[in-house]
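Below: one structure, written as structure tokens.
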Number of protein chains: 2
Amino acid sequence: MNISEAAKLSGLPAKTIRYYESIDLISPPRRAANGYRCYEADDIASLCFLRQARQFGFNIDQCRLLLDLYKNPQRRSAEVHQLVSDKLEEVDAHIRELADTRELLAKLVGACANDDDADCAIIDRLASPQEQSQEREGSQQ
Amino acid sequence: MNISEAAKLSGLPAKTIRYYESIDLISPPRRAANGYRCYEADDIASLCFLRQARQFGFNIDQCRLLLDLYKNPQRRSAEVHQLVSDKLEEVDAHIRELADTRELLAKLVGACANDDDADCAIIDRLASPQEQSQEREGSQQ
DNA sequence: CTAAGCCTTACAGCAACAGGAAGGTCAAGG
DNA sequence: CCTTGACCTTCCTGTTGCTGTAAGGCTTAG
């Protein structure tokens, strides 16, 4: 099956499939006599798996690990569980961070007169020489 | 004042200050005879403003607009309000998206046996040929 | 013969910087 | 005077996960 067919079935753009091959996320498929890539059912399964994993927010390296586990019948579910738990925490941290930002933004929006005047609490706040808040907990990226 | 001093006072890395100059976010400062950049108090104020805006999650283009408003005494606070309201919505949308992902991940974690067995609900779920969910609402980036 | 619709490779670009190389400058110490 | 170290300069590369574009080959229909 050609790449466009694989793209249709997997839900990934052909470009992305080639990209995944270029970074060794998937193994290069067989080539037809004319040089075209030929995909098998197994390949499609991997691509679908990757699409789903990406939708769940896993990055490429995490997908690499997941895919290894997926393909490995000797896996222990605990390993998978660990990976996904880590991801969950990661997402939680991200949400907390965004929620903080959200609250700050809401305060700004509430404080601004929202009229034709030049006076603006938002500008004042952003211009105020706020301390360079050293983040209070470990610096995770 | 040299760039390292400006960096210290503004809380931005010198690299970032040069970068902001290179993308015309800030105007190039005066140069000393030896070619070193010389920053004035006004420049520092702008840099602090930018640092704060970035911390609030505004991207560079949004910072550009904010900075214009900041420097323009003829601004109307309503314009600022609009910008920040938009950003708030943007952040809200992002949070909702992440919250969805979070719930899905939590379900996965809950469903996995988390033991030495190869059988794994997470793997099964990711491998299942889930429909390629066409996003139900406008595709904003 | 030509046009379309596939396919191939390779390179550029996005955001927002960070890291490092290669070299000039400046102040202090011996 | 020379060296050392801490600045400064520019330029290039790498990051993440692709997407867009160019330039060309294959295949099939009209």
Side-chain angles (χ1 to χ4, degrees), chain A residues 1-26 28-39 43 46-47 49-67 87 90-91 94 97-98 101 139-141, chain B residues 1-26 28-39 43 47 49-67 87 90-91 94 97 101 132 135 139-141:
Chain A
M1 152 190 357
N2 281 349
I3 197 167
S4 66
E5 184 72 6
K8 207 177 305 173
L9 291 182
S10 69
L12 290 172
K15 271 255 163 200
T16 298
I17 299 176
R18 287 196 203 92
Y19 171 68
Y20 285 173
E21 183 185 332
S22 81
I23 61 171
D24 292 317
L25 179 55
I26 58 177
R30 187 174 68 77
R31 296 290 183 124
N34 56 13
Y36 290 12
R37 290 172 178 81
C38 291
Y39 293 94
D43 301 325
S46 291
L47 289 172
F49 184 90
L50 286 172
R51 178 178 55 78
Q52 295 237 81
R54 291 287 297 131
Q55 275 179 1
F56 271 92
F58 294 98
N59 67 25
I60 297 290
D61 274 344
Q62 293 163 338
C63 285
R64 228 179 269 277
L65 299 173
L66 281 172
L67 195 57
K87 187 70 198 177
E90 206 178 290
V91 170
H94 196 172
E97 202 176 313
L98 275 180
T101 298
S139 59
Q140 69 288 54
Q141 53 139 316
Chain B
M1 150 187 3
N2 282 348
I3 198 168
S4 67
E5 184 74 6
K8 205 176 304 173
L9 290 181
S10 68
L12 290 172
K15 273 254 164 194
T16 298
I17 299 176
R18 287 196 202 93
Y19 171 68
Y20 285 174
E21 183 185 333
S22 81
I23 61 171
D24 293 316
L25 180 55
I26 57 178
R30 188 173 66 78
R31 296 289 182 125
N34 56 15
Y36 290 13
R37 289 171 178 81
C38 292
Y39 293 94
D43 301 325
L47 289 172
F49 184 89
L50 286 171
R51 177 177 56 78
Q52 296 238 80
R54 289 288 296 130
Q55 276 179 1
F56 271 92
F58 293 99
N59 67 26
I60 297 289
D61 273 345
Q62 293 163 338
C63 284
R64 230 179 268 276
L65 298 174
L66 281 172
L67 195 58
K87 186 70 198 177
E90 204 177 293
V91 169
H94 196 172
E97 201 176 314
T101 298
Q132 287 133 240
E135 48 269 38
S139 58
Q140 70 286 53
Q141 54 134 316

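Letters go in sequence order (proteins before strands), and every chain restarts at 1. Atoms considered below: every heavy atom in the structure, side chains included; atoms not considered: hydrogens, waters and symmetry mates. As the structure is a computational prediction, the values presented were derived from the model and not from experiment.
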Whether Glu90(A) and Lys87(A) form a salt bridge (side-chain N of Lys/Arg under 4.0 Å from carboxylate O of Asp/Glu) is what I want to check.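 Looking at Glu90(A) together with Lys87(A), the answer is yes, because their closest N to O distance falls below 4.0 Å.
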Shortest side-chain distance from [X], nucleotide among [options]:
| X | options | value |
| --- | --- | --- |
| Asn34(A) | dT25(C), dC18(D), dT27(D) | dT27(D) |
| Arg54(B) | dA16(C), dC6(C), dT8(C) | dA16(C) |
| Tyr19(A) | dT8(C), dC18(D), dT10(D) | dC18(D) |
| Tyr36(B) | dA18(C), dT25(C), dT19(D) | dT25(C) |
| Thr16(B) | dA18(C), dC8(D), dA16(C) | dA18(C) |

Nearest whole Å is fine: how far is [N] [atom2] from [X] [atom1]?
| X | N | atom1 | atom2 | answer |
| --- | --- | --- | --- | --- |
| Arg37(B) | dT25(C) | CZ | P | 15 Å |
| Glu5(B) | dA6(D) | CD | C1' | 14 Å |
| Ile3(B) | dA6(D) | CD1 | P | 19 Å |
| Leu50(B) | dC17(C) | CG | P | 10 Å |
| Phe58(A) | dT16(D) | CZ | P | 18 Å |
| Ile17(A) | dT19(D) | CD1 | P | 11 Å |
| Glu21(B) | dA16(C) | CD | P | 18 Å |
| Gln62(A) | dT16(D) | CD | C1' | 12 Å |

Distance test, side-chain N/O of Arg31(B) to OP1/OP2 of dT25(C), below 4.0 Å: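 Negative; the distance criterion is not met.
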Under 4.0 Å between any heavy atoms, over every strand shown, what does Ile23(B) touch: base, sugar-phosphate, or nothing? Just pick one.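 No contact.
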Determine the contact category for Arg18(B): base if any of its heavy atoms lies under 4.0 Å from a base atom, sugar-phosphate if only primed atoms, P, OP1 or OP2 are that close, otherwise nothing. base
Using only atom types and a distance under 3.5 Å, with no angle test, would you say the side chain of Glu5(B) pairs donor to acceptor with the backbone of Asn2(B)?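 Not a single qualifying donor-acceptor pair exists.
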Does Lys15(B) make a side-chain donor-acceptor contact with the base of dG20(C), cut-off 3.5 Å?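 Such a pair exists between side chain and base.
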Leu66(A) side chain reached by Phe58(A) side chain, heavy atoms, under 4.5 Å: yes
Shortest non-hydrogen contact from Ile17(A) toward Ser10(A):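 In terms of heavy atoms, the two residues are closest at CD1-OG, 4.0 Å.
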Taking all non-hydrogen atoms of both residues into account, name the closest pair between Arg31(A) and Cys38(A) and its distance. C-SG, 4.4 Å
